[in-house]
4 protein chains.
Amino acid sequence: MPDLAAIVADIAAEMAAAPDRGTPASYIPPLAAVDPARFGIAIVEADGTVHAAGDADMPFSIQSVSKVFALTLALGAVGDQLWKRVGREPSGSAFNSIVQLETEHGIPRNPFLNAGAIVVSDILLGRHEPREAIGEMLRFVRNLAGDDGIFIDEAVARAEQETGFRNIALANYMRAFGNLHHPAERVLGVYFHHCALAMSCRQLALAGRYLMAGGRNPDTGGSVVSARRARRINALMLTCGHYDGSGEFAFRVGLPGKSGVGGGILAVAPGIASIAVWSPGLNERGNSQLGTLALERLVHRTGWSVFEPR
Amino acid sequence: MPDLAAIVADIAAEMAAAPDRGTPASYIPPLAAVDPARFGIAIVEADGTVHAAGDADMPFSIQSVSKVFALTLALGAVGDQLWKRVGREPSGSAFNSIVQLETEHGIPRNPFLNAGAIVVSDILLGRHEPREAIGEMLRFVRNLAGDDGIFIDEAVARAEQETGFRNIALANYMRAFGNLHHPAERVLGVYFHHCALAMSCRQLALAGRYLMAGGRNPDTGGSVVSARRARRINALMLTCGHYDGSGEFAFRVGLPGKSGVGGGILAVAPGIASIAVWSPGLNERGNSQLGTLALERLVHRTGWSVFEPR
Amino acid sequence: MPDLAAIVADIAAEMAAAPDRGTPASYIPPLAAVDPARFGIAIVEADGTVHAAGDADMPFSIQSVSKVFALTLALGAVGDQLWKRVGREPSGSAFNSIVQLETEHGIPRNPFLNAGAIVVSDILLGRHEPREAIGEMLRFVRNLAGDDGIFIDEAVARAEQETGFRNIALANYMRAFGNLHHPAERVLGVYFHHCALAMSCRQLALAGRYLMAGGRNPDTGGSVVSARRARRINALMLTCGHYDGSGEFAFRVGLPGKSGVGGGILAVAPGIASIAVWSPGLNERGNSQLGTLALERLVHRTGWSVFEPR
Amino acid sequence: MPDLAAIVADIAAEMAAAPDRGTPASYIPPLAAVDPARFGIAIVEADGTVHAAGDADMPFSIQSVSKVFALTLALGAVGDQLWKRVGREPSGSAFNSIVQLETEHGIPRNPFLNAGAIVVSDILLGRHEPREAIGEMLRFVRNLAGDDGIFIDEAVARAEQETGFRNIALANYMRAFGNLHHPAERVLGVYFHHCALAMSCRQLALAGRYLMAGGRNPDTGGSVVSARRARRINALMLTCGHYDGSGEFAFRVGLPGKSGVGGGILAVAPGIASIAVWSPGLNERGNSQLGTLALERLVHRTGWSVFEPR
């Protein structure tokens, strides 16, 4: 086993000195205000050991990383029926593209595009009030991480709601095709709130353990999802987790991962580790510049790529 | 270790009895003439043990599976310069789509689309005559498999050349953007010939060993490509190896794989096995119907998915 | 001068007997309920003589025909500044396509697409309340037609508002690009109401006289728009007035025209006549099947095509 | 009748002094070599009177203007069967776009796009040798203009053939859909040669007289095409004659017209005049900058727009 304590310390030091840090998202003030100098990393091993460095305990807006948890919860609610309303293919398009919806009858290509996650939110809403669905999501993530300190940043949710015209467009567009069952405002209430989850790298890596562990929650030993479903969520993260930069992430890092515009990435080395990195500056595909680089170095030193001989 | 001898026998028996076998490619007579009842499977373990069943020794047209070998050879020739002319992202489009070339200035999304493989062929052509480039490719694959019985089916190559108008269009279209350096006819001569490679499942699984083995050829111990490059080729196979069915293949099978319209699939379990399956009937994405199902069952029984805890 | 009285009578008789009447719009109940047997025609000559036949005095929902009047009013308000926010090219796409907005930064191709007319409605809204903007539009059309009996069908406007998810999507999508200055709900309030104008063929042909008459209102002699602007609106009607069936309409009829999904068409023979036809059944492009056929026959018998030697 | 002699002289003087002349096509040397200071105009009235100014007698490469004559000839050969293989709608795309062919099964949107004109050339080829088809086309245009001095510029045709990779792509792409009946090289031989027709403004305006005159050749009184077909060709020129600048041309000029990258435009005022202008500098849509401006001024002074009251 590689010396993970030394590795995370090295990587944090290298990232602190990195000159090209990308550009933080600026479309809402709470994201624009984040200090681009931040960098955090946390690794949870299969046995529960945690290695952390940098700003690993500072909460940040996980944004689209939450789509993994939302998908997991929605699959628990409706099972594989979900796949009648959302595809499983990389889109080759940007996260907020509306083009494919027109030619593909309102069925988003995958659950990690905005459109796909909005359908997932529609499923989460189910027969509930938005407030209840949001509460359930928060409890789910707190439970996964074993940490009740996780919260939803209302300022972020509100800012999204005030400026999220593209997402309102996506939701209504799918509603026109019958692929949204509730009013767009209610569905987007759920969507914007789960995207506004604030978590630290440590909390995020802990929450992701079930994907490393064949679907089980190591704290309780209980099954979050079946082993098969965990494997499939990992597959979706690898092929679709970084929008139109997913191929590049697989090429460079080689781990299932999901990024968010807040600069966080959750990555999974099945059977080995759950990893979270965070640095607010984004590359031109909207994925964390230093987060990706840090994972590339981690994989280089550990040999954890799923494409490496075991 | 699972009882592979029993598993391949079981799978071959199940596939022989499968009612829905898909539809063989019919665009050229030599492919249309293949018996849809055929099914073969061969697995080469890391220690060299081979398990085979069904029509595992019957040569078939490997078609696009050859794009993996062509890419490997071209990377050897020009290194990462290749990525200036070809992308590394899934396209979300069919294998022969021309649409993205128009908006993306003649740069194909990845080397496993027809357009991408045509650029790779342009690189293989280099300063050679087409005949020499084809000869080099054949020697390379024979060497990888350790089998001089591998041949190019001239009837297939000729039929492709007579009807390959879409590929002629793709080549000329990229030439208009300056992304083809040789005349289309010469490049397509190379392309159509390497797609016309005839191999059995056994030969194909043997030829794929370097991708399982960190880039080394187990016969010689020599390095075919670096470990890093082998890992990256595996990543590309996983994200892009099945055209617009790549996400689905990752979801169901979870192994790097490359399919061809001849009904063959090469799949890689890094460090564990190189696998080839063949059945001529295709699903609606152009990938082998029973080949995919066979791999799904294999992975189910062995736990070889790269998304499974190790 | 051809015998217009006889011609309109003949056409009405032929259309009454036409077997293939197309399919009425069914997306909202008030349109689905219209009797497909209806057909009306009214022609106003330059000297004011009116020829009418069939259901020429029955009000119908003019729908997108209203986009001509809305454009005229908006040009009066902001002049050629309007063209910074809306293009002047045929789109080659369906009336409600969202695809081009994504690649063209939220600028609709022309003012007769839904997206374009929504921008026009945003301009009409200006500093007013929606109710005032709608009132101004109604007064404008009444004044053009010289008929205070023209009204807005509130049942139609309400039904549009309840089901117009695509239009809500278009509006929000443009808002995301900054090309909508007011909240989508307010703009669509204006849009849905002017599309819900109910007019008879006679009223519609009277309202269109200014486009025949170099921009002047024959009742008052006053200028509605300049001669140059009238000419340009005619040009836009010819190139863009029938969505992705505009080329076909020009080919068959050869007059500037604007159709609506209610089955109405306003057509203009500059200097000669303003013409309105109505039949609720639509062809596969969403334009009135018999309305188009009636205009084709009218032009055949009168030689009024703008492409005919004068 | 306006004083056309004075008008053409004025316009030629204004164009000589125009500062912003656009940019000549540079994709082949013979076009790049043309002096951007050139400007010519010729008007043939219905009675045969010719008014000319500037470089009205200097031959230039008519390029895509030839598509009008090719379409006329092909309609004569196969009649309305032609429309099974080519559409009649503006495309909303650039002249050499390949995108729509993919989604519309190899049927070009209209005969004035490159793809459409290549299908037209395929029809012209018919059972002939390319040389014969080219000869027939040359005789046809000479006959229309009543001038045997019209020739094909072999240097232009050769240069097109050497660099026309996009057109080769378009032709092969349509062949893949079965919408090209002869080998691409032979069809493109015809296409490149008719695009290489060299004509002066005077010759071009004379050749266009049949479109002004209801289909008749004023020299002979014979019918080139029926009145109905002439009207329809005019309609196509108006909706599709300037690629994705067709709407703008209709808006500004209001005459059926066809442009070419050589800087020529043929425009038709039905019943009144056939007009040709030429200036090599192009605007951003690939249409002659000063040619368009000259026509706009001509129409302003004569009131010849088809959208003006008669």
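We use all heavy atoms of the structure for the numbers below, so side chains are in, but hydrogens, waters and symmetry mates are not. Residue numbers begin at 1 in each chain, while the letters A, B, ... track the order of the sequences.
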(request) Against chain A, work out which of B/A230, B/G247, B/A227 has the most heavy-atom pairs shorter than 4.5 Å and name it. (result) B/G247
(request) Evaluate side chain to side chain contact (heavy atoms under 4.5 Å, CB included) for B/D122 paired with B/I118, printing each intermediate quantity in order. (result) CA-CA 6 Å; B/D122 191 52; B/I118 290 169; 5.9 Å; no
(message) For the interface with chain B, which of A/G254, A/A46, A/C240, A/S91 has the highest count of heavy-atom pairs at distances below 4.5 Å?
(response) A/S91
(request) Could you walk me through whether B/T239 and B/F112 pass side chain to side chain contact (heavy atoms under 4.5 Å, CB included), step by step? (result) CA-CA 10 Å; B/T239 54; B/F112 297 150; over 6 Å; no
(message) What verdict does the side chain to side chain contact (heavy atoms under 4.5 Å, CB included) test give for B/L206 and B/D219, after you've listed the backbone C-alpha separation in whole Å, the side-chain angles of each residue and the deciding distance to 0.1 Å?
(response) CA-CA 10 Å; B/L206 287 165; B/D219 287 342; over 6 Å; no
(request) Output yes when a side-chain donor or acceptor of B/S259 lies under 3.5 Å from a complementary backbone atom of B/I265, and no otherwise. (result) no
(message) With chain A as the partner, which of B/G271, B/P256, B/P270 has the greatest number of non-hydrogen pairs under 4.5 Å?
(response) B/P270
(request) Test A/F307 against B/L236 for side chain to side chain contact (heavy atoms under 4.5 Å, CB included), laying out the working first. (result) CA-CA 10 Å; A/F307 303 117; B/L236 284 163; over 6 Å; no
(message) Between A/R109 and A/E89, does any NZ, NE, NH1 or NH2 come within less than 4.0 Å of an OD or OE carboxylate oxygen?
(response) no
(message) At a 4.5 Å cut-off on heavy atoms, which part of A/W83 comes close to chain B: side chain, backbone, both, or neither?
(response) side chain
(message) Out of B/L211, B/N234, B/N110, return the one with the most heavy atom pairs under 4.5 angstrom to chain A.
(response) B/N234
(message) If the contact rule is any heavy atom under 4.5 Å from chain A, which residues of residues 288-299 of chain B qualify, in numerical order?
(response) B/E296
(message) Which label fits B/H242 and B/F249: parallel for a plane angle under 30°, tilted from 30 to 60°, or perpendicular past 60°?
(response) parallel
(message) With a 4.0 Å cut-off on N to O distance, would you call B/D80 and B/R229 a salt bridge?
(response) yes
(request) Please flag which part of A/P90 lies under 4.5 Å from any non-hydrogen atom of chain B: side chain, backbone, both or neither. (result) both
(message) Does any backbone or side-chain atom of A/A213 lie under 4.5 Å from a heavy atom of chain B? Answer side chain, backbone, both or neither.
(response) backbone
(message) Given heavy-atom pairs under 4.5 angstrom as the criterion, report whether the side chain, backbone, both or neither of A/L238 touches chain B.
(response) both
(request) Using a cut-off of 6.0 Å, state whether more than 12 heavy atoms not belonging to B/R310 lie near its atom CZ. (result) yes
(request) Verify, without hydrogens or angle tests, whether B/K258 (side chain) and B/G241 (backbone) share a donor-acceptor contact under 3.5 angstrom. (result) yes
(request) Under 4.5 Å, counting heavy-atom pairs only, tell me which of B/G245, B/G214, B/G87 racks up the most with chain A. (result) B/G245
